[in-house]
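Chain letters run A, B, ... following the sequence lines, proteins first and then strands; every chain starts at 1. Just so we're clear, the structure is a prediction, and the values are computed from it rather than from any experiment.
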There are 2 protein chains.
Amino acid sequence: MPKISDKQRESRRQQILEAALACFAEDGFHQTGMADIVKRSGLSHGAVYLYFQSKDDLIEALADDRHRREAVLNSVAQGSGDPIEGLHALVRVYAQWLTDPAGEARRRVGIHGWAEALRNRRVRNSVVEGIDMPRALIVALVERGQHDGLIKRDIGAEAIARVLIAIFQGFVLQKCWGEDVDIEACMAAVAVVIEGFRTTKPDVRRRART
Amino acid sequence: MPKISDKQRESRRQQILEAALACFAEDGFHQTGMADIVKRSGLSHGAVYLYFQSKDDLIEALADDRHRREAVLNSVAQGSGDPIEGLHALVRVYAQWLTDPAGEARRRVGIHGWAEALRNRRVRNSVVEGIDMPRALIVALVERGQHDGLIKRDIGAEAIARVLIAIFQGFVLQKCWGEDVDIEACMAAVAVVIEGFRTTKPDVRRRART
DNA sequence: ACAAACTGACTGATCGATCGTTTTTTATTA
DNA sequence: TAATAAAAAACGATCGATCAGTCAGTTTGT
C-alpha cells in the first residue's frame, strides 16, 4: 500500500527538482554536490535517490525545458496570419521569457546545459530538440512569407531561422553574465532585422496556394 | 642559475596549455582531472604544478582568448572606410574563425567558459572583456554610419552591436553541437541583416564632422 | 500491524595538490 | 676535453578531502 498519494509523490519530485534547479543555477552541474541538493530540498540523501536514480538523472530532467516549448507552441496558434507578424510575435514571446525575473535560474541552468551538451549525448539531444521546434516554426513562417512574396527569396529560410535563434541564445548569455543589456532597445533592433528580410518592393507576384 | 632558457620554459608552458585545452574541450573544466592533463602533456603531476599554481589557474589562463581579439583588431585597421563595409568585414573575420577546423577545441572551451563565467568572477571578467572590444568596435562603426546618414538613426548602436555579437555566440553553440549549419548561407543572411540597418533613402543630410 | 517512505552514517573511488627523491643541465674546475 | 659540483626541473607515490551512491534501521500513515 502506498503511503502517499500520487499527488504528494509528484509534489516531492518537484520539491527535489526545484532544489536541484537552484543549486545547478548557482554552481553548475558538476560543482554542485548531491549534498547541496539534499540540504536545499530539506530531505535526506536516501529520499532523493527514491525519486531520481542518479545525479545525471537530475541533470537530464532539468536540461529539458518543456515550458518554453509550450510557450512557443502557443505563439504558433497566433502566427497563422501574416508571416512577418508571426516572426515579430515570436520575438515578443522570447523577449518576455528573457526578461522574466522568475526564469533567471532556468536561463542559467540552460547555459550550463549548453556546455554540458558538448559531452553528454542525452543532454545534447534535449538541447538540440529544444531548438528544433522553434526553428521549424520559423522556417515554416519564412517559407510561407517567401512564397507569398513578402520575404526576400535569396536568403535561405533555414539560415534566417538559425540567425534568429542565435540572437536569442546570445542574449541569454549576455543577460545572465550580468551585463546591462537594454533588452527593449535590442528587441527593437531585432524588429528592424526582421523587417530587413522583407522584400523591398511589394513583389506583386503572388502565386496561388497549391 | 636556471637550467632551461626562457624560451624552453615558455614552450613547456604551452605544452601544458595545449594538453589542458584538448582535455577541457573534450570533457569540460570540472570533468577533466589533473591526471588527464598530466597524462596528455606527457609530463608529471609535479611538473605541471611548477608552471601553474592550480587547476583554476589553468582554467583562467584558457578562458582568455587573446588570439581572437587580435584578429578583430586587425580588421579594425581595415575598417577605416565605409562603416557598413566595416561591419561586413567583421562578419567575414568571425565567419572564418568559426569555420576554422583548427579552432574547434578553442570554440568548445569557449562555450565551457561561458558557463563557467556564471560562477567564477575572474572567468566572467575575461569573457565579458573579451566581447567588450568587438562591441566597442561595432558601436563606433555604427555611430559613424549613423552620423554619416548611412545607418538608420532610430536603432541604438549598442543594440546593433549586441545583436551582431549574439548572432555569433549562437552560431558557435549551434556549430559545436554538431548541427549541420550552412555557415555560408547563414553569413549571407547576416549580410542581409546588416544591409537592413542601412537607411533606405540615401539620406542626403550629411553633417560635417565636428 | 504492516509496508512504504524516509533517514543518515557509511563506503569505495576519485579528486586536486604535495613533497621527498631522482634526473637533467649548466658552470666551473682539472 | 673530461670530470665534478650545484641547482633547477621533473617525477610519482601519497595525502586528506570530497564525491556520488548505498543500506540497515527508523518513522509514518493507513
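Taking the six-membered ring where tryptophan is involved, the planes of A:Tyr94 and A:Phe168 are tilted, since the angle between them lies from 30° to 60°. Aromatic ring orientation, A:Trp114 versus B:Trp177: perpendicular (interplanar angle above 60°, classes split at 30° and 60°).
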Checklist entry - Between B:Gln31 and B:Glu26, does a side chain to side chain donor-acceptor pair (under 3.5 Å) hold up when you go through it step by step? => result CA-CA 9 Å; B:Gln31 287 300 102; B:Glu26 270 183 23; over 6 Å; no
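In this structure, A:Ile59 atom CD1 and D:dA20 atom C1' are separated by 11 Å, rounded to whole Å. Rounded to a whole Å, the CD atom of A:Gln8 is 16 Å from the P atom of C:dA4. Separating the CZ atom of A:Arg9 from the C1' atom of C:dA4 is a distance of 10 Å, rounded to the nearest angstrom. Between the C1' atom of C:dA17 and the CG atom of B:Asp56 lies a distance of 12 Å, rounded to the nearest Å. Rounded to an integer number of Å, the gap from CD1 of B:Ile16 to C1' of D:dA9 is 11 Å. Distance NZ (B:Lys55) to C1' (D:dA17): 15 Å, rounded to an integer number of Å. The CD1 atom of A:Ile4 sits 18 Å away from the P atom of C:dA3 (whole-angstrom rounding). Protein atom NE2 of B:His45 is 18 Å distant from nucleotide atom P of C:dG20, rounded to whole Å.
For A:Tyr51, a side-chain nitrogen or oxygen approaches OP1 or OP2 of C:dC6 to under 4.0 Å.
Of the residues in residues 25-44 of chain B, those placing a heavy atom less than 4.0 Å from an atom of DNA chain D are B:Leu43, B:Ser44, in numerical order.
Test B:Lys175, B:Gln174, B:Gln96 against B:Ile183 for side chain to side chain contact (heavy atoms under 4.5 Å, CB included) and you get one pass: B:Lys175.
Stacking of A:Arg107 on the aromatic ring of A:Phe171 is not recorded, the 6.0 Å distance cut-off and the 45° axial limit not both being met.
At distances below 3.5 Å, not a single donor-acceptor pair connects side-chain atoms of A:Lys152 with backbone N or O atoms of B:Val192.
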